[in-house]
Amino acid sequence: MSEEIRRQRIEKIEELKKEGIDIYGRAFPKKEIASIKEGEADVKTAGRIMAIRHHGGSSFLDIKDSTGKIQIYIKKNNISEEELFIFKRLDIGDIIGVEGDVFRTKTGELTILLKHLTLLSKSLNTLPEKWHGLKDVEIRFRKRYLDLIMNEEVREVFKKRVKVIQYIREFLNSKGFIEVDTPMMHPIPGGAEARPFITYHNTLEMNLYLRIAPELYLKRLLVGNFEKIYEINRSFRNEGISPLHNPEFTMLELYSAYGDCREMMEITESLITFLGEKINNSLAMDYQDKKIDLSLPWKRIKWADIFSEAGIANWRDKEVVLKKAEEEGIELTEEDKGNVFEVLDKIFKKKIQPKLVNPTFIYQYPVEISPLAKSYPDSVDMVERFELFIGCLEIANAYSELNDPVEQRRRFLDAINKTTGNKEKMVDEDYIEALEYGMPPAGGLGIGIDRLVMLLTNSSSIREVIFFPLLRPKK
RNA sequence: GGGCCGUUAGCUCAACGGCAGAGCAGGGCACUCUUAAUGCCAAGGUUGGAGGUUCAAAUCCUCCACGGCCUACCA
């Protein structure tokens, strides 16, 4: 049948061509549909045909552009012969330009009485059904353009995504931060704990890695006397795909020279409450089946305290931690059991994270799991770092930046000795050399934009907030 | 990587061992204020793919592909 429809449509195109009609149109200055008012004369607008209702000598079309939808009323003896010829060959999905006077029908619908019709693009494929729309999740992701044409809620999500990023820029620019961009292809992957994508440069005859985080380059800029900087862009991690993970994702990273972790906490609070107000006009919001209140102040709790509340009085006591994991029915590999932080992380994800509905800062992390963060002055074991959870999602990660090159090298080597699986891990001597020239003390913050957008749009999957999430190619 | 579920017309869905169906979209006819327009007529299928069981398979079994959710990995 699709072949049949296609054939019929190609036939229409041939007929139109024979009459010398331009099937695919030219520039057409138009008014946005949403701004069209009753009583306006000779309005020119354009959009995609979403419905056609023939009613004898008159017909009604619904056309849609990026701002809205409007009805077009065609009286057959009101338009030229050529336009009538075009009109008879229109299909749902075609893009047309129209010109006419605006009025209301007796049922109250804002309508353009057509005077002139211009064909701007003929479609060969049928759009999904007008009433039920496009539901098939796979087609929605593979052919996102159809999803965007048919599902208004999906458009709204992506409009909000665009706004979130605009407002972040507005907010940070107003606070004196400047936006920079740093390499996405790194000779040595760093700045996070993840496996990278590998690519190859032919002329240089060397492997490059798609960045897993911009962190180490942004901090080179701190060395270079850029003091308040941020970058909003893609990072890439060669890991599993899930409702919370896409191989490429968008992060905000922000650095403030002469600041610290505490300053980052304040910025995070004011940025996210600003976004809540701007995007949803409210600090109260729903996420999935949860009610979230973004009102300040947000809860702050020490990393160690969250475990003692869960019944682990001393997280360094491996026996207690292992026993707790067992009680909670958490499956552990032999490798996990060798690393108390792995076990704690699993307990955290299973038992604690699902309870972090309202914004919660968890702070003061062990140095072992924070290789780029600065220790507390009175306790070298713990670092000035926080993670922020909202709606049970991890939204932000921040710390006072380690600017001691000797200590940094020691921690890098330490991490390499501990992990066996991550073969791409190397010490970025170039970064350490930069630190050796002197980096100011600084606060740094990372926010996962996709997850933040999920939260602000009440989306259950990261694929709902990324235009083209990665899928296995079909066929 | 493992488990569960799904895949039927362009789209949304029925049929659940016995002739593959409907609505929308598309084609034809009628109708000059309709809006899920309406009425009538005709058309549209390798039931994701390959095997198997059976007199008979969309339906039961096996394998494969793609997707979703959970889990694992990972921030």
Side-chain angles (χ1 to χ4, degrees), chain A residues 1-9 11-12 49-62 69-78 89-93 103-111 113 123-143 146-147 149-151 191-196 212-213 235 237-247 249 251 330-333 335-336 342 345-346 348-350 353 369-370 387-389 393-397 421-422 446-448 450-451 460-464 469-475:
Chain A
M1 192 59 201
S2 67
E3 280 307 305
E4 173 72 9
I5 291 172
R6 206 185 168 76
R7 210 206 69 237
Q8 287 163 349
R9 292 201 176 186
E11 228 164 72
K12 286 179 186 174
I49 299 173
M50 298 306 292
I52 302 176
R53 295 178 292 279
H54 293 296
H55 197 88
S58 65
S59 297
F60 297 88
L61 304 183
D62 294 334
K69 201 172 90 174
I70 195 162
Q71 178 169 260
I72 313 299
Y73 180 33
I74 296 105
K75 290 188 161 206
K76 282 184 185 167
N77 50 21
N78 231 20
R89 284 157 187 79
L90 289 181
D91 287 295
I92 291 174
F103 72 108
R104 275 189 199 278
T105 62
K106 64 184 181 188
T107 47
E109 174 111 6
L110 196 65
T111 301
L113 174 61
S123 77
L124 287 175
N125 296 325
T126 43
L127 286 181
E129 199 230 327
K130 63 181 170 188
W131 188 241
H132 296 93
L134 178 65
K135 288 185 175 167
D136 186 302
V137 178
E138 190 174 346
I139 302 177
R140 284 186 47 230
F141 294 160
R142 286 191 195 280
K143 304 187 184 180
L146 291 181
D147 196 23
I149 291 170
M150 300 306 298
N151 297 322
E193 203 57 51
R195 291 161 65 194
I212 55 176
S235 288
R237 298 188 183 175
N238 204 341
E239 308 280 1
I241 296 174
S242 84
L244 293 175
H245 303 264
N246 195 62
F249 63 102
M251 259 212 301
I330 292 166
E331 280 179 43
L332 296 172
T333 64
E335 207 183 325
D336 291 339
E342 274 300 320
D345 187 50
K346 292 201 167 169
F348 179 82
K349 276 183 180 149
K350 179 143 188 208
Q353 191 169 342
I369 54 174
S370 316
E387 290 192 326
L388 170 67
F389 293 82
L393 298 175
E394 182 199 340
I395 297 293
N397 181 19
N422 197 341
I447 294 182
D450 311 282
R451 289 183 187 173
S460 64
S461 166
I462 199 166
R463 296 184 189 93
E464 297 290 351
L470 187 67
L471 299 178
R472 211 180 277 269
K474 193 89 174 179
K475 278 179 264 178

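All values below were derived from every heavy atom in this structure, side-chain atoms included, with hydrogens, water molecules and symmetry-related copies excluded. Residue numbering restarts at 1 for every chain, and letters A, B, ... go by the order of the sequence lines. Since we're looking at a predicted model, the values are computed, not measured.
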Next on the checklist: Applying side-chain hydrogen bond (donor to acceptor under 3.5 Å, both in side chains), can you list everything that pairs with A:His54, at least two apart in sequence or on another chain?
Outcome noted: A:Ser59

Item to check | B:G44 versus B:C64 - spacing of their P atoms, nearest Å | outcome: 36 Å

Checklist outcome for this item: A:Glu342 meets the side-chain hydrogen bond (donor to acceptor under 3.5 Å, both in side chains) criterion, sequence neighbours left out, with none

Next on the checklist: Going by the rule salt bridge (Lys or Arg N to Asp or Glu O under 4.0 Å), which residues pair with A:Lys349 if we only count those two or more places apart in sequence or in a different chain?
Outcome noted: A:Asp345

Item to check | Earlier contact from the 5' end, RNA chain B, for A:Gln353 and A:Glu138 | outcome: A:Glu138

Checklist entry - Given B:C33, is OP1 or OP2 found less than 4.0 Å from the side-chain N or O atoms of A:His55? => result yes

Pairwise N/O distances under 3.5 Å, protein to nucleotides 11-13 of chain B:
| from | atom 1 | to | atom 2 | distance (Å) |
| --- | --- | --- | --- | --- |
| B:C11 | O2' | A:Glu129 | N | 3.3 |
| B:C11 | O2' | A:Gly133 | O | 2.9 |
| B:U12 | OP1 | A:Lys135 | N | 3.1 |
| B:U12 | OP1 | A:Asp136 | N | 2.8 |

Next on the checklist: So that I can tick it off, tell me whether A:Glu464 and A:Arg140 are bridged by a salt bridge, with the cut-off set at under 4.0 angstrom between side-chain N and carboxylate O.
Outcome noted: yes

Next on the checklist: Could you tell me how far B:U12 sits from B:A25 if I compare only their P atoms? Round to whole Å.
Outcome noted: 15 Å

Checklist entry - Between B:G26 and A:Arg9, is there an OP1 or OP2 to side-chain N/O distance shorter than 4.0 Å? => result no

Checklist entry - Dot-bracket, RNA chain B: Watson-Crick or G-U, under 3.5 angstrom, [ ] crossing, | other strand? => result (((((((..((((....[..))))..((((.......))))......(((((..]....))))))))))))....

Checklist entry - When rounded to the nearest Å, what value does the distance between P atoms of B:U47 and B:C60 take? => result 16 Å

Checklist entry - How would you label the contact of A:Lys12 with the nucleic acid (heavy atoms, under 4.0 Å): base, sugar-phosphate, or nothing? => result sugar-phosphate

Checklist entry - Just checking A:Arg463: base, sugar-phosphate only, or nothing, at a heavy-atom cut-off of under 4.0 Å? => result sugar-phosphate

Item to check | Between B:G49 and B:A36 - P atom distance, rounded Å | outcome: 37 Å

All N/O pairs under 3.5 Å across the protein-nucleotides 3-5 of chain B interface:
none

